[in-house]
Number of protein chains: 2
Amino acid sequence: MSKQELEVIGQGADGCCDGLASAPLDDERAAQLAKVFKALGDPIRLRLLSMIASREGGEVCVCEMTPAFDLSQPTISHHLKLLRQAGLIDCERRGTWVYYWVLPGVLDQLAAFLTTPQTAGATA
Amino acid sequence: MSKQELEVIGQGADGCCDGLASAPLDDERAAQLAKVFKALGDPIRLRLLSMIASREGGEVCVCEMTPAFDLSQPTISHHLKLLRQAGLIDCERRGTWVYYWVLPGVLDQLAAFLTTPQTAGATA
DNA sequence: CCTCTATGTTGACGTTTTTCGATTCAAGGC
DNA sequence: GCCTTGAATCGAAAAACGTCAACATAGAGG
């Protein structure tokens, strides 16, 4: 259940992401990143992710998330799957319940990608 | 031509965004943010934005962007419009040509929103 | 084994998104 | 004024998406 994420952001071993503003994105990288942003581009998924990310223990049971929305259980399950496929979260079954947590690093890498260098054109 | 952006991110005068991981997102804020992330959730738009953001002078003419893609001119125009409506870019007509630039701050605010506090649960 | 609860999956439906061709609008040059 | 060029808008077609009801699966507890 936990082997479905994409290798979303990390590219080279050189630390990684090159920032939106450092050079025009090539096609492949744009496609990778778009997949993650698309996953974030839905209010339900944003709330789910925030719900998980803001949780003290770092984990949230599906049984807690489902009733927080005015949506059917399959729909929530579907959104969680998309977040997982985007490489943002992962999950594990423990007994009857399934717990989700945020995969560390990914959000920060995304943030780094969006952050524009204070001195524009630094890399050039 | 430049009065169409959304008031996307800035909320209070208190500096603003409260970070994905600080507390569960409320419905309204999730909707606002989702709109921006949705704009970023397309490879073409990501490349357009990167093209503009990485440009030395900060401005790019549409006439330079259109031929860089294997898409029709109306399609590029459409994507630029979505980026503009998301509050990420703005444009101005100068003579025959239209120039686009990245609205400052928005990307950094988004980045700040995504950045998770190093010490998890800091706000709690 | 059977049943019950918690989740994930499937198939269908309506809505939104992406894309294009055709048209329209804006500005310059004749 | 008319024509040309650059860009936005319109209308329509195809694809992708969000949602649900129905079903399937996993584990707990008889």
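Below, chains carry the letters A, B, ... as their sequence lines are ordered, and counting in each starts from 1.
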Between the protein and nucleotides 14-16 of chain D, which nitrogen or oxygen pairs are less than 3.5 angstrom apart?
none

Any N/O pairs under 3.5 Å between the protein and nucleotides 24-30 of chain C? List them or say none.
none

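Counting non-hydrogen atoms under 4.0 angstrom, B/Ile76 reaches nothing in the nucleic acid. The residue B/His79 sits close only to the backbone: its heavy atoms come under 4.0 Å of sugar-phosphate atoms, none of a base.
Going from atom CZ of B/Arg47 over to atom P of C/dT18 covers 15 Å, rounded to whole Å. Remark: C1' of C/dT7 and CG of A/Leu71 are 16 Å apart, rounded to the nearest angstrom. In this structure, the NE2 atom of A/His78 is 17 Å from the C1' atom of D/dA22, given to the nearest Å. As rounded to whole Å, 12 Å separates atom P of D/dT19 from atom CG of A/Leu80. Residue B/Phe37 contributes atom CZ, which lies 19 Å from atom C1' of D/dC17 at whole-angstrom precision. Rounded to an integer number of Å, the gap from B/Arg84 CZ to D/dA8 P is 7 Å. Atom C1' of nucleotide D/dG6 and atom OH of B/Tyr100 are separated by 12 Å, given to the nearest angstrom. Taking atom CH2 of A/Trp97 as the reference point, atom P of D/dA26 lies 18 Å away to the nearest angstrom.
Considering only side-chain atoms of A/Thr75, the nucleotide from C/dA22, D/dC20, C/dT7 that sits closest is D/dC20.
The line from NE2 of B/His78 to OG of B/Ser72 is 10.5 Å long, rounded to the nearest 0.5 Å. The NZ atom of B/Lys81 sits 11.0 Å away from atom SG of B/Cys91, with the distance rounded to the nearest 0.5 Å. A distance of 7.5 Å separates CD1 of A/Ile89 from CZ of A/Arg84, quoted to the nearest 0.5 Å. Annotation: the span from B/Arg45 atom CZ to B/Ile76 atom CD1 amounts to 11.0 Å, rounded to 0.5 Å. Between B/Lys38 atom NZ and B/Gln85 atom CD the span is 12.0 Å, to the nearest 0.5 Å. Rounding to the nearest 0.5 angstrom, the gap separating the CG atom in A/Leu88 from the CG atom in A/Leu40 is 5.5 Å.
Counting heavy atoms from C-beta outward, A/Val62 and A/Trp97 have side chains that stay 4.5 Å or more apart. For the pair A/Glu92 and A/Val98, the minimum side-chain heavy-atom distance is 4.5 Å or more.
The only member of A/Leu48, A/Leu46, A/Asp90 that meets side chain to side chain contact (heavy atoms under 4.5 Å, CB included) when paired with A/Leu83 is A/Leu48.
Dashed line: the shortest gap from a side-chain N or O of A/Lys81 to OP1 or OP2 of C/dG8 is not under 4.0 Å.
Near-neighbour residues of DNA chain C inside residues 57-67 of chain B, defined by a heavy atom below 4.0 Å, are absent.
Judged by atom type and distance alone, B/Gln73 does not reach the base of D/dG6 through any side-chain donor-acceptor pair under 3.5 Å.
Between A/Phe37 and B/Phe37, the two ring planes are parallel [angle under 30°; tilted spans 30° to 60°].
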Q: Test B/Thr115 against B/Leu20 for side-chain contact (heavy atoms from CB on, under 4.5 Å), laying out the working first.
A: CA-CA 8 Å; B/Thr115 302; B/Leu20 196 161; over 6 Å; no

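Remark: A/Arg93 is not positioned above the aromatic ring of A/Tyr99, lacking an NZ or CZ atom under 6.0 angstrom from the ring centre and at most 45 degrees off the axis.
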